[in-house]
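The structure displayed is predicted, hence computed values, not measured ones.
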Amino acid sequence: MVKYGLDYTRCRWILPLLLGIGVIFGIIALAGRGWLESQTLPYVHQASLWESCTRSGPGVPWTCESLMGYAWGRAAAATYLVGFLLLVICFALAIIAFAIDTLRFNFIRGIGGLLFVAAVFSIMGLVIYPVKFSSEIDMTGINMFSWAYGFGWTTAIMEICLGFFFCCLPNYEDQILGNVKPTYFYSSP
């Protein structure tokens, strides 16, 4: 990417594309019902960020309880949701930043800083949820934090990594814009 510069058409949109993938993973985490699931048969427990569902046996219907009745449930949902909204804002700002012909590198560094703030909020929600869930809600059988919870952590890790990329990109401003004279290593025979 640095070799060809951000004017190279296929490389220019890699970072906004990765942010878009992070947004999709965040949507999956917010909407998924697999934050916590039973690990073995019979499946008697299933939880999302918003509710916890249990059943007493294989043929019995699920009974669900909202986690918004707990202070920690509201805190976990709010902090993860704030992190997700900041990620969406960063995605929109990245589209704008890379669509402009002349890049504003301080603007790009600001997107990186905002991604770090989004990661902090996401991680707070991802830590509050399992700690308080396992201590305050009775769980029967063997349970595991499952796929939707994993998508939440993937989103948080992507926010951190992309924050580093966005913050470090302005350090290579001259190379990206082509202002550096190339150095050729040639030895005559």
Side-chain angles (χ1 to χ4, degrees), residues 15-95 110-168:
L15 292 177
L17 175 69
L18 289 173
L19 276 175
I21 291 170
V23 168
I24 291 169
F25 286 174
I27 291 170
I28 292 170
L30 284 169
R33 293 186 56 91
W35 278 59
L36 182 121
E37 293 179 333
S38 297
Q39 188 174 355
T40 56
L41 288 173
Y43 299 116
V44 294
H45 203 135
Q46 184 180 36
S48 68
L49 181 61
W50 313 103
E51 64 184 2
S52 174
C53 299
T54 57
R55 66 180 175 180
S56 57
V60 180
W62 293 95
T63 57
C64 296
E65 171 190 14
S66 176
L67 295 178
M68 297 303 110
Y70 298 96
W72 62 267
R74 289 189 302 271
T79 54
Y80 189 79
L81 195 58
V82 167
F84 176 74
L85 291 175
L86 289 175
L87 176 65
V88 171
I89 290 169
C90 288
F91 176 65
L93 292 175
I95 295 287
I111 294 171
L114 196 58
L115 279 169
F116 285 124
V117 173
V120 167
F121 277 105
S122 296
I123 290 172
M124 282 191 311
L126 289 166
V127 169
I128 291 169
Y129 184 84
V131 170
K132 298 305 281 185
F133 191 98
S134 60
S135 68
E136 292 197 18
I137 293 186
D138 293 330
M139 295 186 286
T140 57
I142 300 171
N143 297 297
M144 65 178 176
F145 290 97
S146 191
W147 59 272
Y149 185 68
F151 273 106
W153 273 108
T154 304
T155 303
I157 291 169
M158 287 181 76
E159 289 168 346
I160 293 169
C161 294
L162 289 170
F164 278 114
F165 276 115
F166 274 94
C167 285
C168 293

d(Tyr70 OH, Lys132 NZ) to nearest 0.5 Å is 11.5 Å

CG of Leu114 to CD1 of Ile89, rounded to nearest 0.5 Å, is 6.5 Å

**Asked** Any donor and acceptor pair, going by atom type alone, linking the side chain of Trp50 with main-chain N or O of Arg33 inside 3.5 Å?
**Response** no

Could you check if a side-chain atom of Ile27 sits within less than 4.5 angstrom of a side-chain atom of Phe151, using non-hydrogen atoms only? no

For Leu30 and Leu81, the nearest pair of non-hydrogen atoms, with its separation, is CD1-CD1, 3.9 Å

Going through the distances and angles, do Trp72 and Glu136 end up as a side-chain contact (heavy atoms from CB on, under 4.5 Å)?
CA-CA 10 Å; Trp72 62 267; Glu136 292 197 18; 3.1 Å; yes

Open item on the list: Does any part of the side chain of Leu19, heavy atoms only, come nearer than 4.5 Å to the side chain of Val23, both counted from C-beta?
Closed with: no

field: Sidechain-backbone polar pair: Thr54 side chain, Val44 backbone, donor-acceptor under 3.5 Å
entry: no

- Verdict with reasoning, Arg55 to Gln46, per side-chain contact (heavy atoms from CB on, under 4.5 Å): CA-CA 9 Å; Arg55 66 180 175 180; Gln46 184 180 36; over 6 Å; no

Value for CH2 (Trp35) from CG (Leu126), rounded to nearest 0.5 Å, stands at 5.0 Å

inquiry  = If you count heavy atoms of other groups shown closer than 6.0 angstrom to CZ of Phe165, is the number above 12?
reply    = no

Begin with the C-alpha distance, continue with both residues' side-chain angles, and end with the deciding distance and a verdict on side-chain contact (heavy atoms from CB on, under 4.5 Å) for Phe116 and Phe164. CA-CA 8 Å; Phe116 285 124; Phe164 278 114; 3.9 Å; yes

In terms of heavy-atom contacts, Ala94 and Pro16 come closest through O-CG, 4.1 Å

- Query: Going through the checks in order, is the side-chain contact (heavy atoms from CB on, under 4.5 Å) test met by Leu15 and Phe166?
  - Reply: CA-CA 8 Å; Leu15 292 177; Phe166 274 94; 3.8 Å; yes

Residues Glu159 and Gly83: closest non-hydrogen pair is OE2-O, 3.6 Å

Taken to the nearest 0.5 Å, the spacing of Leu18 CG from Cys161 SG works out to 10.0 Å

_Ring-plane angle category for Phe145 and Tyr149, please: parallel below 30°, perpendicular beyond 60°, tilted otherwise._
tilted

When every non-hydrogen atom of Ser38 is compared with those of His45, the smallest separation belongs to OG-N, 2.8 Å

What one should report as the nearest heavy-atom pair of Ile160 and Ala119 is CG1-CB, 3.6 Å

Tightest non-hydrogen contact, residues Ser48 and Leu67, listed as O-CD1, 3.5 Å

To the nearest 0.5 Å, atom OG1 of Thr155 lies from atom OH of Tyr80 at 4.0 Å

Checklist line | Test item: Ile128 and Phe133 side chains (from C-beta on) under 4.5 Å apart, heavy atoms | finding: no

Between the CG atom in Leu86 and the CG atom in Leu115, the distance rounded to the nearest 0.5 Å is 9.0 Å

